[in-house]
Visitor: 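Encoded as structure tokens, here's the structure I'll be asking about.
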Amino acid sequence: MNTEKLKEYIALFGGLLGAVLLFLQTLGFEFAWFTDKSIEAFTNALLAAVPFILIVYGVWKNTYVVTKKAKEHKQVIDEHEKKKEEA
């Protein structure tokens with residue numbers, strides 16, 4: 001799943017929240033915290049948070065210093081590169 005697809009899902013979610021807001025207002029329910037501005041702010045927060053989370057995950061997965069398994073994997077890669085250089 002790419003970033004554009006995530007943005008589409010977030011926009012869809014924001015649209016659904018807007019539809020729920022209009023439905024509730026039609027029935028006479030009003031919440032001080034559930035407004036067009038709060039939906040827009042929530043959507044913007046998701047649009048900022050999702051790429052941040054994806055980047056942090058990518059850095060985490062491509063760093064070989066965190067877990068024991070990752071350190072062992074890095075050691076295997078280093079040994080393979082040494083053999084490659086010697087050949």
Side-chain angles (χ1 to χ4, degrees):
M1 182 176 297
N2 59 20
T3 306
E4 290 302 317
K5 197 62 133 173
L6 283 173
K7 287 181 183 179
E8 290 177 18
Y9 281 118
I10 292 170
L12 173 68
F13 186 68
L16 290 173
L17 286 177
V20 169
L21 175 64
L22 290 174
F23 178 73
L24 291 175
Q25 287 176 344
T26 302
L27 295 177
F29 294 104
E30 291 198 27
F31 301 100
W33 54 269
F34 191 51
T35 63
D36 287 330
K37 286 184 179 182
S38 67
I39 292 171
E40 186 177 332
F42 181 69
T43 304
N44 288 338
L46 281 178
L47 285 171
V50 168
F52 174 75
I53 291 168
L54 292 174
I55 291 168
V56 168
Y57 177 75
V59 169
W60 174 267
K61 290 300 284 182
N62 291 312
T63 302
Y64 298 106
V65 296
V66 181
T67 64
K68 182 179 178 183
K69 184 178 177 181
K71 290 175 186 176
E72 291 170 356
H73 187 81
K74 176 66 174 168
Q75 198 171 30
V76 169
I77 291 173
D78 289 343
E79 289 172 6
H80 179 70
E81 287 187 7
K82 282 181 185 178
K83 288 179 184 177
K84 198 175 185 181
E85 288 175 2
E86 291 174 358

Visitor: Report the relative orientation of the aromatic rings in Phe29 and Phe31; use parallel for angles under 30°, tilted for 30 to 60°, perpendicular for over 60°.
Guide: parallel

Visitor: Which pair of non-hydrogen atoms, one from Gly14 and one from Ile39, has the smallest distance, and what is that distance?
Guide: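 Closest heavy-atom pair between Gly14 and Ile39: O-CG2, 3.7 Å.
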
Visitor: Rounded at 0.5 Å granularity, tell me how far CD1 in Ile55 sits from CZ in Phe52.
Guide: 8.5 Å

Visitor: Of the non-hydrogen atoms in Thr43 and Ile10, which two are nearest, and what is the gap between them?
Guide: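 In this case the closest contact between Thr43 and Ile10 is CG2-CG2, 3.7 Å.
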
Visitor: Rounded to the nearest 0.5 Å, how far does NE2 of His80 lie from CD of Glu85?
Guide: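 Nearest 0.5 Å value for the CD-NE2 distance: 10.5 Å.
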
Visitor: Between Phe42 and Leu22, is there a shared hydrophobic cluster once you connect ILVMFWY residues whose side-chain heavy atoms come closer than 4.5 Å?
Guide: no

Visitor: So how far is it from Leu17 CG to Leu12 CG, rounded to the nearest 0.5 Å?
Guide: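 Interatomic distance, Leu17 CG to Leu12 CG, rounded to 0.5 Å: 9.5 Å.
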
Visitor: To the nearest 0.5 Å, tell me how far Ile77 CD1 sits from Lys82 NZ.
Guide: 13.5 Å

Visitor: To the nearest 0.5 Å, what is the distance between CD on Gln75 and CD on Glu72?
Guide: 7.5 Å

Visitor: Do Leu54 and Phe13 sit in one hydrophobic cluster, given that two such residues count as connected whenever their side-chain heavy atoms are within less than 4.5 Å of each other, even indirectly?
Guide: yes

Visitor: Kindly write out the residues that satisfy side chain to side chain contact (heavy atoms under 4.5 Å, CB included) with Asn44, not counting sequence neighbours, or none if the list is empty.
Guide: Glu40, Leu47

Visitor: Partners of Lys71 by salt bridge (charged side-chain N to carboxylate O under 4.0 Å, His left out), sequence neighbours excluded?
Guide: none

Visitor: If you apply the rule side-chain contact (heavy atoms from CB on, under 4.5 Å), what do you find for Leu21 with Phe34, and how did you get there?
Guide: CA-CA 7 Å; Leu21 175 64; Phe34 191 51; 3.6 Å; yes

